[in-house]
*Asks:* 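I have a structure here, written as structure tokens, and I will follow up with some questions on it.
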Amino acid sequence: MGIRLTKSDILTNTIIYSILTMLALITLVPLLNILSISFSNSAKATAGLVTVYPLGFSWTTYTTIFKDHAILTAVGVSVQRVVLALVIDMVLVILASYPLSRTSKVFRSRGIYMWIVIGTMLFGPSLVPMFFTVKDTHMLGTIWALVIPGAVGQFNIILMMNYFRNIPSELEESASIDGAGPWRRLLQIYVPLSLPIMATIALFIVVGNWNAYFDGLIYSINTDDYPLQTYIQQLVVNYDTTIRDVDQVRSLLAVSNRSLTAAKLVITMIPILVVYPFMQKYFISGIMLGSVKE
């Protein structure tokens with residue numbers, strides 16, 4: 001037997017569904033517009049005639065972009081960066097969060113380290129000192145320059161720490177009585193019980209590293225070191241003809257800058273759109289429980 005809704009409930013549901021529909025359209029329409037521009041005829045895209053469906057369907061923009069073999073190199077650099085960052089960042093975040101989730105009685109210096117975490121989150125290093133630090137550690141021009149400087153995410157540490165603190169302490173006490181040390185308690189109790197927050201943080205790391213382009217612009221010595229976002233930024237915004245040959249320049253002139261920009265956005269969105277549906281089920285529970293403070 002279904003629940004009988006009152007007039008007030010029906011009105012409330014109608015308002016809620018209307019607002020959600022409007023928000024969905026606000027989100028969906030720009031995406032459709034970008035996708036349509038990337039697949040439209042260059043002249044019609046430049047004239048601003050394209051709305052939410054392609055005019056004069058054409059693959060020219062994408063074939064032009066992928067004829068440039070350098071973009072495949074940039075994709076390889078981006079994939080390498082994301083994989084390395086995911087592994088390194090996750091390990092560092094777990095190792096930092098576990099001791100910080102202990103009480104001050106167990107970890108007496110906890111307050112000092114928490115101030116360091118919060119202080120570095122509020123007052124990050126400026127660009128010039130960071131550049132010379134990367135240079136002096138001989139990471140300039142390597143993949144490590146893109147991964148190591150941002151490896152410890154303070155916000156992620158706080159999320160993971162709060163999630164660890166919500167795990168019943170009785171589990172750790174029982175494991176301690178059975179002789180489990182800190183490493184065993186972390187790896188066999190806390191990590192398996194923290195998959196939702198780990199999936200959430202993994203999504204943050206993947207999205208952040210995939211979309212980053214500015215550090216590639218600073219720390220890369222030559223164009224072969226560029227990650228995808230940096231390369232496309234150079235391709236579209238600066239239109240740097242020194243990085244490609246004459247045939248590639250001619251092919252780029254055959255498409256509009258607007259279509260190239262739209263294609264760039266579509267290409268960069270695809271990995272995130274593929275990954276997100278599989279991680280969404282962990283996202284809500286992870287971010288909610290990880291943000292709860294005792």
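For reference, positions follow the sequence shown, starting with 1.
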*Asks:* Scan residues 123-137 for pairs that pass salt bridge (Lys or Arg N to Asp or Glu O under 4.0 Å), counting only residues two or more places apart or in two chains.
*Replies:* none
*Asks:* Would you indicate whether the side-chain heavy atoms of Phe164 and Leu186 approach each other to under 4.5 Å?
*Replies:* yes
*Asks:* Run the side-chain donor-acceptor check on residues 210-219: report pairs under 3.5 Å with partners two or more places apart or on a different chain.
*Replies:*
from   : atom 1 : to     : atom 2 : distance (Å)
Trp210 : NE1    : Thr268 : O      : 2.9
Asn211 : ND2    : Val207 : O      : 3.4
Asp215 : OD1    : Arg81  : NH1    : 3.3
Asp215 : OD2    : Arg81  : NH1    : 3.4
Asp215 : OD2    : Arg81  : NH2    : 2.6

*Asks:* Shared ILVMFWY cluster between Leu20 and Leu25, side chains joined below 4.5 angstrom?
*Replies:* no
*Asks:* Suppose we screen for ring pair (Phe, Tyr, Trp, His ring centres under 6.0 Å). Which residues come up paired with Tyr53, at least two apart in sequence or across chains?
*Replies:* none
*Asks:* What residues form a side chain to side chain contact (heavy atoms under 4.5 Å, CB included) with Ser174, not counting sequence neighbours?
*Replies:* none
*Asks:* Do you reckon Met198 sits in the same ILVMFWY cluster as Trp183, going by side-chain contacts under 4.5 Å, direct or chained?
*Replies:* yes
*Asks:* Could you list the residues that satisfy side chain to side chain contact (heavy atoms under 4.5 Å, CB included) with Ser220, not counting sequence neighbours?
*Replies:* Asp225, Tyr226, Pro227
*Asks:* Has Asn166 got a side-chain atom pairing as donor or acceptor with Asn162's backbone, closer than 3.5 angstrom?
*Replies:* yes
*Asks:* The criterion is side chain to side chain contact (heavy atoms under 4.5 Å, CB included); which residues satisfy it with Ile270, sequence neighbours excluded?
*Replies:* Val266, Val274
*Asks:* Side-chain contact test, heavy atoms from C-beta onward, threshold under 4.5 Å: evaluate it for Val52 versus Val29 and give yes or no.
*Replies:* yes
*Asks:* Applying side chain to side chain contact (heavy atoms under 4.5 Å, CB included), can you list everything that pairs with Thr133, at least two apart in sequence or on another chain?
*Replies:* none
*Asks:* Got a donor-acceptor contact below 3.5 angstrom from the Ser40 side chain to the Gly56 backbone?
*Replies:* no
*Asks:* Would the distance check show the side chain of Asp178 and the main-chain N or O of Ala180 forming a donor-acceptor pair, the cut-off being under 3.5 Å?
*Replies:* no
*Asks:* Show me the pairs that pass ring pair (Phe, Tyr, Trp, His ring centres under 6.0 Å) and involve residues 19-49, at least two apart or across chains.
*Replies:* Phe39-Phe57, Phe39-Trp59, Phe39-Tyr62
*Asks:* What pairs meet the salt bridge (Lys or Arg N to Asp or Glu O under 4.0 Å) rule with one or both residues in residues 6-23, with sequence neighbours excluded?
*Replies:* none
*Asks:* Before we go on, tell me: are the rings of Tyr113 and Phe107 under 6.0 Å apart, centre to centre?
*Replies:* yes
*Asks:* Run the numbers on Glu173 and Arg185 for salt bridge (Lys or Arg N to Asp or Glu O under 4.0 Å), then give the verdict.
*Replies:* CA-CA 10 Å; Glu173 291 172 3; Arg185 295 199 297 268; over 6 Å; no
*Asks:* Can you tell me if Ser101 uses its side chain to pair, donor with acceptor, with the backbone of Arg165 under 3.5 Å?
*Replies:* no
*Asks:* Return all side-chain donor-acceptor pairs below 3.5 angstrom for residues 115-132, not counting sequence neighbours, or 'none' if the list is empty.
*Replies:*
from   : atom 1 : to     : atom 2 : distance (Å)
Thr120 : OG1    : Ile116 : O      : 2.8
Thr120 : OG1    : Val117 : O      : 3.0
Thr120 : OG1    : Gln154 : NE2    : 3.1

*Asks:* Does any pair with a residue in residues 103-121 pass salt bridge (Lys or Arg N to Asp or Glu O under 4.0 Å), and if so which ones, sequence neighbours excluded?
*Replies:* none
*Asks:* Are any of the side-chain heavy atoms of Ile15 and Ile19 separated by less than 4.5 Å?
*Replies:* yes
*Asks:* Taking Asn209 for the side chain and Val82 for the main chain, is one N or O donor matched with an acceptor at less than 3.5 Å?
*Replies:* no
*Asks:* Taking all heavy atoms of Met161 and all of Leu100, pick out the closest pair and write down the distance.
*Replies:* SD-O, 3.5 Å
*Asks:* Taking salt bridge (Lys or Arg N to Asp or Glu O under 4.0 Å) as the cut-off, I'd like each qualifying pair that reaches into residues 17-37, sequence neighbours left out, listed once.
*Replies:* none
